[in-house]
2 protein chains.
Amino acid sequence: MNDNTIPNLSVDCVIFGFDSEKLNVLLLERKLDAQNGETIFCDHTLVGHHVRTGETLDESAARILKETTGLSNIYLEQFYTFGNPDRLKKTRAKLWLESIGRNPETRVISIGYFSLVNVNSVHVSYTERHAKWFDLKEIDDLGFDHKEILNKALEALQTKIKTNPLAFELLPQKFTLSHLQKIYEVVLGIEIDKRNFRKKVSQVPYIVPLKEKQQKVSHKPAQLYMFSRDIFEATKKKDFNFSF
Amino acid sequence: MNDNTIPNLSVDCVIFGFDSEKLNVLLLERKLDAQNGETIFCDHTLVGHHVRTGETLDESAARILKETTGLSNIYLEQFYTFGNPDRLKKTRAKLWLESIGRNPETRVISIGYFSLVNVNSVHVSYTERHAKWFDLKEIDDLGFDHKEILNKALEALQTKIKTNPLAFELLPQKFTLSHLQKIYEVVLGIEIDKRNFRKKVSQVPYIVPLKEKQQKVSHKPAQLYMFSRDIFEATKKKDFNFSF
DNA sequence: GCAAAAGTGTTGCTATTACACCCATGC
DNA sequence: GCATGGGTGTAATAGCAACACTTTTGC
């Protein structure tokens with residue numbers, strides 16, 4: 001490969017997207033066809049790429065995200081680095097790497113990032129390979145060691161969302177409390193009592209009600225809220241706690 | 001270099017040691033002498049080494065720890081990866097790398113691990129370079145980007161110790177409650193009320209009193225306790241919480 | 001006998017849990 | 001008018017914070 005990248009270093013992004021109901025992950029199709037057109041295998045992987053010379057790891061992750069979703073300035077966080085010498089030694093991995101002109105014998109270290117977006121704000125725009133949202137709960141296996149990377153990303157997200165205002169990264173700017181609650185439920189895999197949740201939220205100064213309600217819903221329209229980062233920064237104490 | 005290592009990949013270990021009073025970090029002296037014997041500079045760095053071919057990242061960290069402290073089977077955790085293209089571009093770093101036969105132009109990614117030991121159980125045995133414990137609070141600057149790595153390690157330790165039984169890794173097998181309390185105080189940088197602390201501890205099943213007291217102390221001898229990992233594993237709920 | 005750290009309980013306050021019914025809208 | 005999700009309060013309990021004095025040992 002002569003694309004200005006470092007052969008043994010890559011970044012993989014676990015892109016989490018919330019769609020008002022479930023937590024999704026953006027995956028690429030990994031389809032290998034034989035010369036005669038028959039499909040040798042077809043499965044899915046995370047979005048990733050080799051790191052470029054001169055690019056920081058954060059920049060590399062941001063670039064990958066931009067290329068895949070068209071989005072910039074979105075939440076990205078490094079969570080773990082995967083470097084087992086045999087992590088790319090499975091048969092499919094080797095075949096795939098050969099097919100794209102990478103040496104399957106090279107030991108590649110991959111730095112894991114996760115990012116948080118709202119699915120509706122994303123125009124999945126990766127043309128080379130089909131990018132698609134998958135319900136997290138229905139993902140069973142992935143190419144390479146990407147299932148392991150995904151598991152670790154989810155763990156990191158679960159830990160971090162309890163003490164940091166990450167939930168808002170998964171929501172549109174204006175959201176309802178039910179959607180906010182749903183995020184904690186699907187991310188942490190728990191059920192939360194609606195009244196207790198709202199009681200807690202009402203004590204939080206940076207979740208502010210707007211003078212606006214939902215439109216065109218076939219039920220009582222919900223109050224819309226926004227997250228004020230200004231108020232958060234100004235009032236944050238060390239003990240942010242959203243653990244249920 | 002021909003030592004079977006990967007030129008652009010290293011592991012740096014932040015070795016935290018508790019001495020019943022403060023939190024310490026094990027550092028190496030980085031001293032560069034000119035041909036005429038004069039010292040060009042002398043400062044300190046974390047313990048680190050390049051990753052070997054065929055070695056996992058965890059194995060690499062464990063090896064570094066073993067070489068430096070003589071200890072195996074101790075707590076080690078990967079916390080962050082540092083890969084800025086210019087992280088080794090400071091003057092001293094370049095001079096040093098040249099002096100040990102590494103190419104200062106190579107972009108090196110370093111995977112950060114922290115480990116937890118009790119200073120009394122360590123025979124600092126690194127002979128090539130002088131290894132020494134330093135009071136965490138008195139470390140101002142370090143070689144390379146190691147101060148940044150140290151800061152991030154401390155942050156990771158602070159986060160993790162609140163919800164995981166890490167404190168015991170910093171203590172000898174038999175310890176007093178005052179020592180346990182001190183760990184939370186120095187790691188988190190807070191003060192804790194003795195009675196409230198003991199009340200909490202007494203509700204924790206896996207901190208078990210022994211039939212033994214301190215010996216030869218010139219004050220009322222304290223009850224000794226141990227941590228039972230068995231009981232911890234058997235009784236752990238999702239909500240371990242040692243945040244004060 | 002004094003210096004040093006160990007050990008011990010109570011009270012007020014705050015936060016958490018559990019729980020059930022009416023409301024506004026679109027169709 | 002019915003289906004859908006929105007919105008609301010109370011009481012009991014558990015956990016947390018603040019606080020001061022006596023005990024045991026070595027020297």
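Convention: sequence-line order gives letters A, B, ...; per-chain numbering from 1.
- Taking atom NZ on Lys216(A) and atom P on dC27(C), their separation rounds to 10 Å, with Å as the unit.
- Between Arg195(A) and dC19(C) there is no side-chain N or O to OP1 or OP2 distance below 4.0 Å.
- Note on Gln214(B): nothing from the nucleic acid sits closer than 4.0 angstrom, heavy atoms only.
- Ring pair Tyr206(B)/Phe227(B) is perpendicular by interplanar angle, where above 60° counts as perpendicular and below 30° as parallel.
- Rounded to whole Å, the distance from CZ on Phe197(A) to P on dT17(C) is 13 Å.
- Taking the six-membered ring for Trp and thresholds of 30 and 60 degrees, His146(B) and Phe144(B) have ring planes inclined between 30 and 60 degrees apart.
- Taking atom CD of residue Gln181(B) and atom C1' of nucleotide dG7(C), one finds them 12 Å apart after rounding to whole Å.
- Annotation: cation-pi pair Lys182(A)/Tyr184(A) absent, no NZ/CZ under 6.0 Å from the ring centroid and within 45° of its normal.
- The listed nucleotides are dA4(C), dA11(D), dA18(D); the one nearest the side chain of Lys199(A) is dA11(D).
- For Ser178(B) and dA5(C), the shortest distance from a side-chain N or O to OP1 or OP2 is not below 4.0 Å.
- In this structure, Leu177(A) atom CG and dG5(D) atom P are separated by 16 Å, rounded to whole Å.
- Between Leu170(B) and Val117(B), every side-chain heavy-atom pair lies at or beyond the 4.5 Å cut-off.
- Comment: Arg87(A) engages Asp145(A) in a salt bridge, judged by a side-chain N to carboxylate O separation of less than 4.0 angstrom.
- Picking from dT17(C), dT24(D), dG26(D) the nucleotide with the shortest atom distance to the side chain of Ser218(B) gives dG26(D).
- Residue Asp193(A) contributes atom CG, which lies 14 Å from atom P of dG6(D) at whole-angstrom precision.
- Side-chain proximity of Lys194(A) to dA4(C), dT10(C), dG7(D): nearest is dG7(D).
- Atom P of nucleotide dG5(D) and atom CD of Glu185(A) are separated by 14 Å, given to the nearest angstrom.
- The Arg198(B) side chain lies nearest to dA6(C) when the options are dA6(C), dA24(C), dG7(D).
- Take the nearest nucleotide of DNA chain C for Pro221(A) and for Gln203(A): the residue whose nucleotide is more 5' is Gln203(A).
- Regarding Lys220(A), its NZ atom lies at a distance of 10 Å from the C1' atom of dT25(C), rounded to whole Å.
- The distance from atom CD of Gln215(B) to atom P of dT24(D) is 16 Å, rounded to the nearest whole Å.
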